[in-house]
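Below, chains carry the letters A, B, ... as their sequence lines are ordered, and counting in each starts from 1. This is a predicted model, so every value here is computed, not measured.
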Amino acid sequence: MSYDIQTIKSLEKKWQEFWKDNKVFEVKEDTKIPKYYVLEMFPYPSGKIHMGHVRNYTIADVIARMKKMQGFNVLHPIGYDAFGQPAENAAIKHKTDPSKWTNRCIEEMHEGFEKMGFSYDWSREIATCDKDYYKWNQWIFLKMMEKGLAYKKASSVNWCPSCETTLANEEVIQGECWRCKSEVTQKDLNQWYLKITDYSEKLLEDLDTLKDWPERVVAMQKNWIGKSYGVEIYFKVERTGENLPVFTTRQDTIFGATYVVLAPEHPLVSNLIKGIPQEKEVAAFCEKIAKVSKTDRIAGGLKKEGIFIGSYAINPVNNEKIPIWVADYVLMEYGTGAIMAVPAHDQRDFLFAKEHKLPMCIVIQDSKRPDISSDVLDEAYEDEGVLVNSEQFNGIGNVDSLKKISDWMEKEKIGKSVVHWRLRDWLISRQRYWGTPIPVIYCDTCGVVPVFEKNLPVVLPEDIKITGEGGSPLAKCKDFVNVKCPKCKKDAKRETDTMATFFDSSWYYLRYCSAHNEKEVFSKKDADYWMPVDQYIGGIEHAILHLLYSRFFTKFFKDLGLIKFDEPFTRLLTQGMVLKDGEVMSKSKGNTVDPDAVIEKYGTDALRLSILFAAPPEDQLEWNDNAVEGAWKFLSRVSHYIDDRFTSGQSEEKDFDDEDKELNRQINGTIKKVTEDLSNYKFNTAISALMILLNHAEKYKYADPKQGLVNQTCKVFALLLAPIAPHLCEELWQKIGKKDKTISEVAWPTYDEKALVVDEVLVVAQVNGKVRGKFQVPLDADEASLREIVLSDDKIKEHVAGKTIKRFIIVPNKIVNIVV
RNA sequence: GGGCAAGUGGUGGAAUGGCAUACACGAAGGACUUAAAAUCCUUUGGUCGAAAGACUAUGAGGGUUCGACUCCCUCCUUGCCCACCA
């Protein structure tokens, strides 16, 4: 076969059609065969595929194809996360509608995936904007309502003024909208929430079972869930006697509290300032802070603003009277919205106290510089030490005192141990059009009425004008909004908000198990067989959002009795970004490389190979055109090797000479290495092992070869390379294998342990740790013979001469080190 | 401020206690060719040396070890994530 781009392109097309026409990668549940579920995070359909997709999905495809050859029943599906705002924005820009735009993008992507030769089960392709899919979003929502997990509440929410919608906490990155980077403001709205916090403990605990997840993803989730143990201490307002609980994790510093601070939104504030001289001033301050966005609050940095509100609090441990302040650095959402300030031992309190000339009281003494006083401190002392000025607790180490103090407070009923979580309930209402309608109806008589299950789906009307100017388009669609109440049949109105699209993607992996089931959200039996996902692959950017939500849904489904497992994804791989000139490839930066153009020039297999060879999958990958060129060359050499050397109809030879044995050893060693490396995502070293074998095989004697050995080499190349460069290997297999099977159905090669054994090994000899010689010695040579071989060498003698040998260290079959 | 990664030739990277720089890219030289492309061969961390070879080198500095890119401590730099979270 001639190896030129035209030939390659036509054979790639030929095999892609063959796989599709013969449904090679469509699978059925079969309990007699072990299953393997390979899943990549499904794409947002935004147009043609980019290098990021190519990398993510090539990694998944190699794993899926290898597992299939290894005899697993492999589920490898794909679909589209098709709802969401970009479609709406694109529709406005191109004067089309989101549905048309999305469908065109899906077609383009589908085509791109076929061109990459990915081994998908196309019969399970899904799109979340399809009513057969989002019907089940609505069904899940109703189930959650039933269980009290979906509820509506009025609250101050994150609002993106540019997207004109609310955002979940997880979608606010450094005070900015995760999508458009606009500054997020706060707004009071009545919105739908999912009670993910009911699962806080479970979500945290089960992280420990995820042994095959990257540690940093686990760490990020732990951080986000944010469990902290502390004490709620009951301060009292001196004037009114009202209870004023504060939350702290540093109860060891309670005797050092010199003032109390409330968040500006704290409900006590307005009561306490009523009628006092500075009422207006304080109210104005609180109002001012409430308006400031979170970004600005943070950007203000260390400068902390606050004001005394005219009342005092009583510290229950010593009945001391300390002033109550309001300040911008205390957040209403965390703890009780009130803190005790210990300026001597908390840097934020320290800065605030200095700024406002508030007193300090040292209660932890640094053993290295005893007798420091508050006047000499230039920052808070936050390290460990021994308690002072703390009555009966004096002299105890502050860490040891934590439990002692909380126990004592509980006994005295002046506080209680509590656990606080950082995780908030998940706000899912979005004031946007292109999403799943929330299946709820508002009736003046019956109140909030869920749509009956039999009336699902609530279909998203598609003939709608999207202008992008103010308000949800659905709210303007009278046919959609005006309905009869399902309970009392009087006039009622539909909810016009749609669901956040992260809802859609929180369970799609279950839907793939029975993708077109019309009766159920997914079939229990199919989910039992396929789930959990054995290998999940996607970007690190989903480390918190999508992965946390999916874990939450899984736990919810388990509680519903629909599934039997706790965690959806057994093994997780987060692949690195594709960069060009040191920056992430993006359309806005104009540094993208079009996969199509690369395929045009070098073919799909070369693209796949080069992207895997260039870097380990978790690292960033700097794109380099030359790398594809190199991949092309390698594939060409493999192809030529098999064309030139393979001869059919030869029987196996037995009497191997040394050169034959060496080739045989390398063949078996390569099978071992490639099998292990591919299983551990070490694609780059697997490929280099194949290159090494080729370099060696090409040098193997041409004149008098053992043909059986050569044929075996050819087969090993085709089989080991098949998951990476499937088109070429299919073609090569036609020449060297049985023609009734595609190479993807041929068994993965195994290696012969015996062939790996050598009778001689190269042992490195060191003198004082420096390499001074290398020796071929018999395998497992004993100390005496090693001493004899090594010490009789002239060069070693030279380095040892005139010195006494103190030690003779032997690492069997590897190294000897003579210490003189 | 907290957490987690990472730092190795001209470049991507390999080696996770035992020959540092595998494999590849790039570069230089050569063969084939009227010529070019393609292909093949050779060289390629640095310094000294004609060579044999010696010394030196994995961000910096210390430590453990017969032996350290690898383990420990301190520091520097870069990237990512979180962050007035009490």
*If the glycosidic angle is within 90 degrees of 0 it's syn, otherwise anti, so just tell me which one rG29(B) is.*
anti
Take atom [atom1] in [N] and the same atom in [M], then report the distance between them in whole Å.
N: rG59(B); M: rU77(B); atom1: P; result: 16 Å
N: rA37(B); M: rA28(B); atom1: P; result: 12 Å
N: rU43(B); M: rG10(B); atom1: C1'; result: 15 Å
N: rG7(B); M: rA14(B); atom1: C1'; result: 16 Å

*For the ring pair F634(A) and F613(A), is the centre-to-centre distance below 6.0 Å?*
no
*Taking the six-membered ring for Trp and the full ring for Phe, Tyr or His, determine whether the centres of W426(A) and F502(A) are under 6.0 Å apart.*
no
Write down the partner of [N] under the Watson-Crick or G-U wobble criteria, each distance required to be under 3.5 Å.
N: rA51(B); value: none
N: rU34(B); value: none
N: rA14(B); value: none
N: rU42(B); value: rA28(B)

Would you say the side chain of [Y] lies within less than 4.5 Å of the side chain of [X], judging by non-hydrogen atoms?
X: Y3(A); Y: D643(A); result: no
X: L612(A); Y: N684(A); result: no
X: F235(A); Y: P316(A); result: yes

To the nearest Å, give me how far apart [atom1] ([X]) and [atom2] ([N]) are.
X: D346(A); N: rG2(B); atom1: CG; atom2: C1'; result: 14 Å
X: R637(A); N: rC40(B); atom1: CZ; atom2: P; result: 6 Å
X: M220(A); N: rC80(B); atom1: CE; atom2: C1'; result: 8 Å
X: L609(A); N: rG12(B); atom1: CG; atom2: C1'; result: 14 Å
X: Y3(A); N: rU39(B); atom1: OH; atom2: P; result: 11 Å
X: Q347(A); N: rC85(B); atom1: CD; atom2: P; result: 12 Å
X: L423(A); N: rA83(B); atom1: CG; atom2: P; result: 12 Å
X: M577(A); N: rC80(B); atom1: CE; atom2: P; result: 9 Å

Does [X] reach a base, just sugar-phosphate, or nothing at all? Heavy atoms under 4.0 Å.
X: R772(A); result: sugar-phosphate
X: R216(A); result: sugar-phosphate
X: F634(A); result: nothing
X: K227(A); result: nothing

*For RNA chain B, which residues in residues 671-679 of chain A have a heavy atom at a distance below 4.0 Å?*
none
*For RNA chain B, what residues of residues 686-700 of chain A have any heavy atom nearer than 4.0 Å?*
S688(A), M691(A), I692(A), N695(A)
*Is there a side-chain polar atom (N or O) of R348(A) under 4.0 Å from OP1 or OP2 of rC85(B)?*
yes
*Of all the nucleotides listed (rC85(B), rA86(B), rA5(B)), which has the minimum atom distance to the side chain of R422(A)?*
rC85(B)
*Report yes or no: do E698(A) and Y641(A) form a side-chain donor-acceptor pair below 3.5 Å?*
no
Give me the distances for all protein-to-nucleotides 65-69 of chain B N/O pairs that come in under 3.5 Å?
| residue | atom | partner | partner atom | Å |
| --- | --- | --- | --- | --- |
| rC66(B) | OP1 | R807(A) | NH1 | 3.0 |
| rC66(B) | O2' | N817(A) | ND2 | 3.3 |
| rC66(B) | O2 | N817(A) | ND2 | 2.6 |

*Minimum-distance pair of heavy atoms, taken over all atoms of F308(A) and I324(A)*: CD1-O, 3.2 Å
